[in-house]
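Reckoned from all heavy atoms, side chains included, excluding hydrogens, waters and symmetry mates. Small disclaimer: the values here were computed from a predicted structure and weren't measured. Just so you know, residue 1 is the first one in the sequence shown, and it goes up from there. Just so you know, ligand 1 is whichever comes first in the structure, and atom 1 is the first atom listed for that ligand.
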Amino acid sequence: MNEFIPVAWDGDAVRYLDQRLLPHEVRYERAQTVADIEGAIKSLAIRGAPCIGVFAAYGVALLRRTISDDGRFLEEASRVRAARPTAVNLAWAVDRVLAAGDALEEAKLIHEEQVAIDEAIAQNGFELIPKNARIVTICNTGPLATAGGGTALGVIIAAQRGAKKPHVFACETRPLLQGARLNYLELQQAGVDAFLMADSAAAIAMQRKGIDLVIVGADRIASNGDTANKIGTYALAILAAHHGIPFYIAAPRSTFDFAIRRGDEIPIEERNAEEVSSFAGRRVAPEGAAVYNPAFDVTPGHLIAAFVTECGIVRSPYVESIPDLELRPRVRVATPATH
Ligand code: MRU
């Protein structure tokens, strides 16, 4: 399924692929301490909402095995839980492992379930993709971002495998270039035709390139459908509405935060100035430039045509359909955990 193995249990460590080095270098690292686990998440060596959740689940299971003192264990687990604020999958996965009888078995189950969930998302999203669809997307939402088969990119890959010949216009995703570095790489690996474009080219692409739909992932979805995702997503949704193009979100149920009512309750991570004021390690803005660097934005639910989830397609009115989603049974994994 995956060309890479973004996360794996390694006996006395959590093995992970350092995504900051892609596409030029494939380097696996081993996280063994809370500092390693927290550092990998904060630095975006591991990133993408579901993948962060799987990694954190293994990380907390590792801490449970290595720390006998309950107080210290809970303190370190809460450091992992707070490493990034926006993607709800992180807190969700840590809470699941903390509540489980066997932390490692639960982490393995979360990983196995993610693989099954991604397969269901890809199957459910397939019907939304017309033949020869021209598709805009942003950020990276493939296997690297989920530790399974991907969400939005998983749907696109399913369309490719189903001979629908999608053509993708992939936003580069400034400032950290997850679109250029990671999504384009995974599109190539899957044999999907794609143009890489500057984020600011999305408007003219929708105006002149016959775009049929936009599909992206999510980091947290409120009960009314307001959705946090990579910075630039909200702009795409507005552009899609202006051009009459359907805008879809593909996300697992673990990305829905049923406890919050609206998007303005979602904390938005702001990252350091250098990500914007420098490029490829070289400063591009004048010394002293003040920088606003939100890592995510929130797209209002009314701009979203539908959510593709493992439980099916969720449509408006979201204040009814999203709370209904919470009541659906969890995806069950038939085979025992092997990761
Ligand atoms: O900052 P990142 O790279 O972790 O942001 C990732 C995204 O915004 C993805 O679109 C989202 O997590 C969905 S991944 C299937």
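Below 4.0 Å from some heavy atom of Lys230 lie the following atoms of ligand 1, by number and element: 1 (O), 2 (P), 5 (O), 8 (O). The contact set between ligand 1 and Arg84, taken as ligand atoms under 4.0 Å from a residue heavy atom, comprises 1 (O), 2 (P), 4 (O). Listed by number with element, the atoms of ligand 1 under 4.0 angstrom from any heavy atom of Gln178 are 1 (O), 2 (P), 3 (O). Within ligand 1, the atoms closer than 4.0 Å to a non-hydrogen atom of Thr141 are 10 (O), 15 (C), numbered from 1 in the order shown. Remark: ligand 1 atoms within the under-4.0 Å shell around heavy atoms of Ala145 are 14 (S), 15 (C). Listed by number with element, the atoms of ligand 1 under 4.0 Å from a non-hydrogen atom of Thr146 are 15 (C).
Across Arg253, Arg330, Lys108, a single residue satisfies salt bridge (Lys or Arg N to Asp or Glu O under 4.0 Å) together with Glu113, and that is Arg330. Tested against Arg64, the residues Asp102, Asp69, Asp70 include a single salt bridge (Lys or Arg N to Asp or Glu O under 4.0 Å) partner, Asp70.
Between the side chains of Arg181 and Asn140, no donor N or O sits under 3.5 Å from an acceptor N or O.
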Checklist line | Residue pair Asp257, Arg220: steps toward the salt bridge (Lys or Arg N to Asp or Glu O under 4.0 Å) verdict | finding: CA-CA 6 Å; Asp257 187 344; Arg220 193 186 297 222; 2.7 Å; yes

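Rounding to the nearest 0.5 Å gives a distance of 12.5 Å between CG of Leu236 and OH of Tyr234. Interatomic distance, Gln178 CD to Asn183 CG, rounded to the nearest 0.5 Å: 9.5 Å.
With respect to atom 15 (C) of ligand 1, the closest heavy atom belonging to the protein is Thr151 OG1, 3.0 Å. Distance from atom 9 (C) of ligand 1 to its nearest protein heavy atom, with residue and atom name: Asn229 OD1, 3.4 Å. Distance from atom 13 (C) of ligand 1 to its nearest protein heavy atom, with residue and atom name: Ala218 O, 3.4 Å. Residue, atom and distance of the protein heavy atom nearest to atom 8 (O) of ligand 1 are Asp219 OD1, 2.8 Å.
Using a 30° and 60° split on the angle between ring planes, Phe169 and His167 fall in the tilted class, from 30° to 60°.
Contact annotation: for Cys139 versus ligand 1, heavy atoms closer than 4.0 Å belong to the side chain alone.
Where the criterion is an N or O separation shorter than 3.5 Å, residue side chain and backbone included, Gly217 fails it with respect to ligand 1.
Between the side chain of Asp297 and the backbone N or O of Gly232, at least one donor-acceptor pair lies under 3.5 Å.
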